[in-house]
Amino acid sequence: MRQNTQVASLIEAIDIKRKSFFQHEGAPYVCLDVEVSKPTARGGQTLVRLKMRNLLTRAVFDKTFKAGEKFAEPDLSTSQATFLYSDGDGFHFMDQENFETLSLSADVVGDDRELLVDNLLVQVHKLEGRPFGLQFPAHVELTVASTEPAVRGDTASGGATKAATLETGLEIRVPLFIKEGEKVKVHTETREFAGRAQS
């Protein structure tokens with residue numbers, strides 16, 4: 001039997017995972033980290049400590065809840081969009097459904113700007129129709145703008161790495177054999193080298 005979709009579903013604190021969205025005191029949050037502490041004494045309560053970010057103010061803080069406390073799910077939607085360009089007004093994307101331009105301010109995009117390249121397909125998170133954040137694919141491909149040349153005698157077998165600056169300004173460690181102008185794959189979650197891009 002299908003439930004009426006008008007009823008907002010509730011999430012218990014114990015079920016909140018990293019990257020879950022939930023509403024608390026009327027504001028939408030995303031969970032950045034979770035720590036569950038089980039009671040040692042009988043009859044004690046399980047507590048859930050959440051590191052949470054307010055999606056509107058971007059403020060981050062820790063708060064502890066009882067395992068059974070319930071939260072509403074915020075009115076969130078996502079749409080696929082490709083990155084077009086950035087300027088003084090922010091970062092501009094094209095919605096892949098209606099081909100409208102979505103704009104996010106620099107403070108909303110934050111450090112994620114170091115992962116944005118032309119035509120990159122991302123998920124734009126919207127709250128009540130307003131864009132507030134981005135979700136990236138697992139990897140992005142970026143060109144190495146500058147890196148030290150490998151020095152003769154460096155051993156590539158020892159897992160040695162060197163610093164590289166990518167086209168977006170992101171600095172990562174890469175293996176010694178990577179040269180300027182090569183495209184590399186970067187883990188969007190950890191911002192670490194994930195291999196050479198397939199040419």
Assess the residue pair V184 and E141 against the criterion (side chain to side chain contact (heavy atoms under 4.5 Å, CB included)); give the C-alpha distance rounded to whole Å, side-chain angles, the decisive distance to 0.1 Å, and a yes or no. CA-CA 5 Å; V184 294; E141 295 187 0; over 6 Å; no
With side chains defined as the heavy atoms from C-beta onward, is the minimum distance between [X] and [Y] less than 4.5 Å?
X	Y	value
R173	E192	no
L115	R191	yes
F65	I14	no
M52	K63	yes
Q23	E73	no
F91	L84	no
F22	I16	yes
H24	L50	no

Please name the pair of heavy atoms, one in [X] and one in [Y], separated by the smallest distance, quoted to 0.1 Å.
X	Y	answer
E182	K179	OE2-N, 2.8 Å
L102	A81	CD1-CB, 4.2 Å
T46	P39	OG1-CD, 3.4 Å
V124	P131	CG1-CB, 3.7 Å

Are K70 and E12 ion-paired here, with the side-chain N under 4.0 Å from a carboxylate O?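 A salt bridge links K70 with E12.
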With a 4.0 Å cut-off, would you call D95 and K126 a salt bridge? yes
Value rounded to 0.5 Å, distance of [atom1] in [X] from [atom2] in [Y]:
X	Y	atom1	atom2	value
L127	S77	CG	OG	8.5 Å
L120	T168	CG	OG1	10.5 Å
S86	L104	OG	CG	12.0 Å
Q80	F93	CD	CZ	13.0 Å
L47	Q45	CG	CD	6.5 Å
L134	T188	CG	OG1	11.0 Å

For H92 and S103, test the side chains for any donor-to-acceptor distance below 3.5 angstrom and give the result as yes or no.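 Side-chain D/A pair, H92 to S103: present.
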For the residue pair Q123 / S79, report whether a side-chain donor-acceptor contact shorter than 3.5 Å exists.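 No donor-acceptor contact under 3.5 Å links the two side chains.
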Shared hydrophobic cluster for [X] and [Y] (ILVMFWY, side-chain gaps under 4.5 Å):
X	Y	value
L10	V34	no
V140	L121	no
Y85	M94	yes
I11	V48	yes
V117	F83	yes

Passes side chain to side chain contact (heavy atoms under 4.5 Å, CB included), L32 versus R18? Steps please. CA-CA 5 Å; L32 302 177; R18 281 187 71 220; 6.0 Å; no
Does the side chain to side chain contact (heavy atoms under 4.5 Å, CB included) test come out yes or no for K183 and R196, once each step is laid out? CA-CA 6 Å; K183 262 192 165 357; R196 270 186 167 134; over 6 Å; no
Checking T78 against Q135 for the side chain to side chain donor-acceptor pair (under 3.5 Å) test, could you report, in this order, the C-alpha distance in whole Å, the side-chain angles of both residues, the deciding distance, and whether it holds? CA-CA 9 Å; T78 56; Q135 186 173 339; over 6 Å; no
Using only atom types and a distance under 3.5 Å, with no angle test, would you say the side chain of D87 pairs donor to acceptor with the backbone of G90? yes
Above 12 or not: heavy atoms from other molecules or residues under 6.0 Å from CD of E35?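 Incorrect, the count does not exceed 12.
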Would one find more than 12 heavy atoms of other residues, nucleotides or ligands at under 6.0 Å from atom NZ of K51?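 At most 12 heavy atoms, drawn from other residues, nucleotides or ligands, come within 6.0 Å of this atom.
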For residues 142-149, which side-chain N or O atoms pair as donor and acceptor with protein atoms under 3.5 Å away, sequence neighbours left out?
{"residue": "T143", "atom": "OG1", "partner": "E167", "partner atom": "OE2", "Å": "3.3"}
{"residue": "T147", "atom": "OG1", "partner": "A163", "partner atom": "O", "Å": "2.8"}

ring-ring contact (aromatic ring centres under 6.0 Å, His included) with Y29: which of F71, F61, F132?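 By the ring-ring contact (aromatic ring centres under 6.0 Å, His included) criterion, Y29 pairs with just one of F71, F61, F132: F61.
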Take the angle between the ring planes of F177 and F193 and call it parallel below 30°, perpendicular above 60°, tilted in between. perpendicular
Walk me through whether V186 and L166 qualify under side chain to side chain contact (heavy atoms under 4.5 Å, CB included). CA-CA 10 Å; V186 179; L166 307 182; 3.7 Å; yes
